[in-house]
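Just the heavy atoms: all of them, side chains too, but no hydrogens, waters or symmetry mates, feed the values below. Keep in mind it's a predicted model, so treat the numbers as computed, not measured. Every chain is numbered from 1 and lettered A, B, ... according to where its sequence line falls, protein lines coming before strand lines.
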There are 2 protein chains.
Amino acid sequence: MKDSRITLKDLAQVLNLSPSTISRALADHPAISEATKEKVQKKAEELGFIPNSIASSFRKKKSHTLGVIVPRIDIHFHSLVISGIEEFAYKTGYNVTIFQSKDSITREKEITKLLQNKMVEGVIVCLATETYNYDHFKKFRKLGVPLVFYDRVPSNYDTNKIVINDFESAFKATEHLIKKGCTRIAHIAGNQSTPIFKARLQGYKSAIKKHHGNLDEKLIIPCKTLSYEEGALCAEKFLKFSPMPDGIFCANDYTAVSVIQVFRKAGIKIPEDTAVVGFSNYPISRVIEPHLTTINDRAFQMGIEAAKLLIRLIEEEKKSIKSETITLETELIIRESSMKP
Amino acid sequence: MKDSRITLKDLAQVLNLSPSTISRALADHPAISEATKEKVQKKAEELGFIPNSIASSFRKKKSHTLGVIVPRIDIHFHSLVISGIEEFAYKTGYNVTIFQSKDSITREKEITKLLQNKMVEGVIVCLATETYNYDHFKKFRKLGVPLVFYDRVPSNYDTNKIVINDFESAFKATEHLIKKGCTRIAHIAGNQSTPIFKARLQGYKSAIKKHHGNLDEKLIIPCKTLSYEEGALCAEKFLKFSPMPDGIFCANDYTAVSVIQVFRKAGIKIPEDTAVVGFSNYPISRVIEPHLTTINDRAFQMGIEAAKLLIRLIEEEKKSIKSETITLETELIIRESSMKP
DNA sequence: CTGAAAGCGCTTACAG
DNA sequence: CTGAAAGCGCTTACAG
């Protein structure tokens, strides 16, 4: 940032006007005559005047910046959310500054401190897996900086949230398998200390109980990270069951893909012998063969809604005290992996 | 940003010291006595003093912010690069503000204008596909704001670049197929107006000529976007060749995956009948069966290097006039899709 | 080792 | 419709 920049004062001098007038003219203030506005705008253009937005932010106490904290940017779900946030923020004139917590609560705390003096006007957060205490977010409220959480949101903490209905989505997915004629439906469950995976398990259970009456707990295999590798381990276990499950609802797409591959190698036909449903609609779900039936988790839309809500909270006159939770409708995308004949 | 914030002046009053001293004490200035420093730091902590970093940025004319322009955040390659940028920037105390050009030159131009008055200290860019004129970046040089381009970089424009050696990578990939015994190697080529795809084609040609002497131009199929769908179309074409190619080097992983799937459906064995190599090492490459041999394009490292170079340029005393190009070494990751017996 | 003063480049309430 | 003045919250060269 060399000092070759022209300032309002320079412009004022050249035009024999006061800096106040220049400032107003460029801001299209109604009190300024059209003639002056034109003159000023023309000169500003001519001299390549670039307003110093830091000075303006400083003076107006508005940074027009949103802070975003995600566990990792390179996870497709989060990159979609960020894309949605950027899209809405850009259209509304806000900048987006991103931080990765790397799923470390220590780093998450560091970042919240940073953001507090960075004077961001609002913050969007997906919590680190390690985070079960939310004290480091309390300061934002005191500072009048609104927060919106998405996906991994605080429990027992009154705040703004954007979520999908995990319970109903899981219910819908499981019910789909039931309607396709599956009678022995297994579930690969996520970490039960994470609310979304707990809700997915509940949705599964609820659908089974409603249609089949009783539930075989042995058909539920809990996972820690729901990785591709963990999925393979689950699949191996299922192969030893007798009778084998004829339907599997997986809490994410990675494990679903893994199950499909291990089963096929073992000679099990998908979906004829065992139907498989995933969760998230990752790109891989329409590449794996057979293509995977899954839940569209609306990641991009989540980003849009998070930014929209946050900016509304920022711009609202009296910062509303009531917290909002927006629940997005998901969609079951039916593909070959569950298309039993 | 409510006005409940405590300022340096407030602290000064409480402690009966001047704001200058407070400022210095908090900045750990050597001229301040340890006793005073401690007193100030303690009180600052106690009153929950948060320095206003916008005021500081304004005063010091240092925003400590990097601007990043990518075509889309939700493309895995870019999300990896951004992740690398954030990682390095975070450690060095810089913030990262991201923008998506959506591959539109109009939007790219808008963003450069925005960034000019946002007072970012440096900018990292991957050009929009539409961009063949770089005038909108010239202003940054005048302002003393360094630029670093990555992946899709300007041609015939003197600037800082982070790239991989596409020619050699393609050469290496093709040579690998040759060494595996392939004698009729095809290439799915990318858009030839994009330098990286041009270089990949050249690398392919060069390897073929070196080892096989002559080149059969019919074995080169040009694509526009190298999408999964386009890959399938190419595969269909290959199936009609006689004799069929016994090796295919694809300019990206999407088309490679597509080829594998179409070929397998047609009863062609991979790698026995036809070996396939991709480019990029996308996550899908280690999921597709058989796992895909591909080039690791070092996306994360690219982000690290881009940030490192940019921050060096920002912090260098005399902004160096010479432009730098950093070429990262790629790596051929050999997996099953090319493991001919 | 500490302080008084000036100033970064804007914006805005007040005055005319 | 335009201007003079104050000030946002820091930092820093200068003085002591």
So which nucleotide from dG9(C), dC1(C), dT2(D) ends up closest to the side chain of A31(A)?
dT2(D)
Spacing of R59(B) atom CZ relative to dG7(D) atom P, expressed in whole Å:
19 Å
Do the side-chain N or O atoms of S57(A) get closer than 4.0 angstrom to the phosphate oxygens (OP1, OP2) of dC10(C)?
no
Hey, could you give me each pair passing side chain to side chain donor-acceptor pair (under 3.5 Å) that has a residue in residues 65-82 of chain B? Not counting sequence neighbours.
H78(B)-Y150(B)
Distance, P atom - from dA5(D) to dC1(D), rounded to whole angstrom:
24 Å
If the cut-off is 4.0 Å, is S56(B) near the phosphate of dG9(D), judged by side-chain N/O to OP1 or OP2?
no
Rounded to whole Å, CG of N52(B) lies from P of dC8(C) at a distance of 18 Å
Taking only heavy atoms on the protein side, list every residue of residues 39-46 of chain B lying under 4.0 Å from any atom of DNA chain D, sorted numerically.
none
Evaluate side-chain hydrogen bond (donor to acceptor under 3.5 Å, both in side chains) for Q301(A) paired with E305(A), printing each intermediate quantity in order.
CA-CA 6 Å; Q301(A) 192 59 29; E305(A) 297 295 337; 2.9 Å; yes
May I have the distance from H29(A) (atom NE2) to dT2(D) (atom P), rounded to whole angstrom?
11 Å
Rounded off to whole Å, could you give me the NZ-to-C1' distance for the K37(A) and dC1(D) pair?
11 Å
OP1 or OP2 of dT12(C) less than 4.0 angstrom from a side-chain nitrogen or oxygen of K60(A), does that happen here?
no
Residue list, side chain to side chain donor-acceptor pair (under 3.5 Å) with S53(B), at least two apart or on another chain:
none
Sorted by position of nearest nucleotide on DNA chain C, 5' first, the leading residue of E34(B) and L8(A) is E34(B)
Stacking between F58(B) and the base of dC10(D) (centre distance under 5.5 Å, interplanar angle under 30°)?
no
Side chain to side chain donor-acceptor pair (under 3.5 Å) with N160(A): which residues, sequence neighbours excluded?
none
Once you round it to whole Å, what is the distance between C1' of dT11(D) and NE2 of H64(B)?
14 Å
L26(B) CG to dT2(C) P: how many Å, rounded?
13 Å
How close or far is atom C1' of dC8(D) from atom NZ of K62(A), stated in whole angstroms?
14 Å
Could I get the full list of ring-ring contact (aromatic ring centres under 6.0 Å, His included) partners for Y90(A), not counting sequence neighbours?
none
Counting the atoms with a prime plus P, OP1 and OP2 as sugar-phosphate, which does T36(B) contact under 4.0 Å by heavy atoms, base, sugar-phosphate, or nothing?
sugar-phosphate
Tell me, please, which residues at least two apart from F300(B) pass ring-ring contact (aromatic ring centres under 6.0 Å, His included).
none
Mind listing the residues from residues 9-24 of chain A sitting with a heavy atom below 4.0 Å of DNA chain C? Number order is fine.
S20(A), S23(A), R24(A)
Could you pull out all residues at least two apart from H136(A) that satisfy side chain to side chain donor-acceptor pair (under 3.5 Å)?
E108(A)
Please tabulate, for side-chain N and O atoms in residues 19-31 of chain B, each donor-acceptor pair with protein atoms closer than 3.5 Å (sequence neighbours left out).
residue	atom	partner	partner atom	Å
T21(B)	OG1	S18(B)	OG	3.1
D28(B)	OD1	K37(B)	NZ	3.1

Could you tell me the separation between the CD1 atom of I54(A) and the P atom of dT11(C), rounded to a whole number of Å?
14 Å
Where DNA chain D forms runs of at least three Watson-Crick or G-U pairs (i with j, i+1 with j-1, under 3.5 Å), the stems are C:1-3 with D:14-16, C:5-12 with D:5-12, C:14-16 with D:1-3
Y132(A): what forms a ring-ring contact (aromatic ring centres under 6.0 Å, His included) with it, not counting sequence neighbours?
none
Give, for atom CD1 of I105(B) and atom OG1 of T131(B), the distance between the pair rounded to the nearest 0.5 Å.
4.0 Å
Mind checking side chain to side chain donor-acceptor pair (under 3.5 Å) for T325(A) and listing every partner two or more places apart, or none if nothing turns up?
none
I want to know whether F88(A) and Y94(A) have ring centres closer than 6.0 Å.
no
Checking contacts here: which listed nucleotide (dC10(C), dG9(D), dT2(C)) is nearest the side-chain heavy atoms of F49(A)?
dC10(C)
